[in-house]
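Notes for the one structure printed next.
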Amino acid sequence: MEYNPRTFTLNYLKYCYTCQDAHLCLSDTESKCIACWEEKNILKKEEAAPVTTEELLRKYAE
């Protein structure tokens, strides 16, 4: 799965900085971070990369 850098950075700030297990995290690559988010059901594969501008704006509004 491919993420653009901006989407990854936003998700990293949103999910990793607020994670209570961040001090235990071994996610040192994008793929490990994405796998962690999916494993914890924080981010589902189908919602990972918005396809249309409308979907992107809905994500920003959340």
Discussion item. Within the structure provided, determine whether Phe8 and Cys33 are in side-chain contact (heavy-atom separation under 4.5 Å).
Written reply: yes
Practice prompt. Quick one: list whatever passes salt bridge (charged side-chain N to carboxylate O under 4.0 Å, His left out) with Lys14, sequence neighbours left out.
Written response: none
Worksheet item: What closest approach, in Å, do Ala22 and Cys16 show between heavy atoms, and which atom pair accounts for it?
Response: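 Nearest pair, atom of Ala22 first, then Cys16: CB-O, 3.7 Å.
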Item to complete: Starting at CG of Leu10, measure out to OH of Tyr15 and round the result to the nearest 0.5 Å.
Response: 10.0 Å
Worksheet item: At what distance, to the nearest 0.5 angstrom, does CG of Leu24 lie from SG of Cys19?
Response: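 Reported to 0.5 Å precision, the distance equals 8.5 Å.
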Fill in: Worked verdict on Glu39 versus Ile34 for side chain to side chain contact (heavy atoms under 4.5 Å, CB included)
CA-CA 9 Å; Glu39 178 184 311; Ile34 294 165; over 6 Å; no
Worksheet item: Mind checking whether Tyr12 and Trp37 have ring centres under 6.0 Å apart?
Response: no
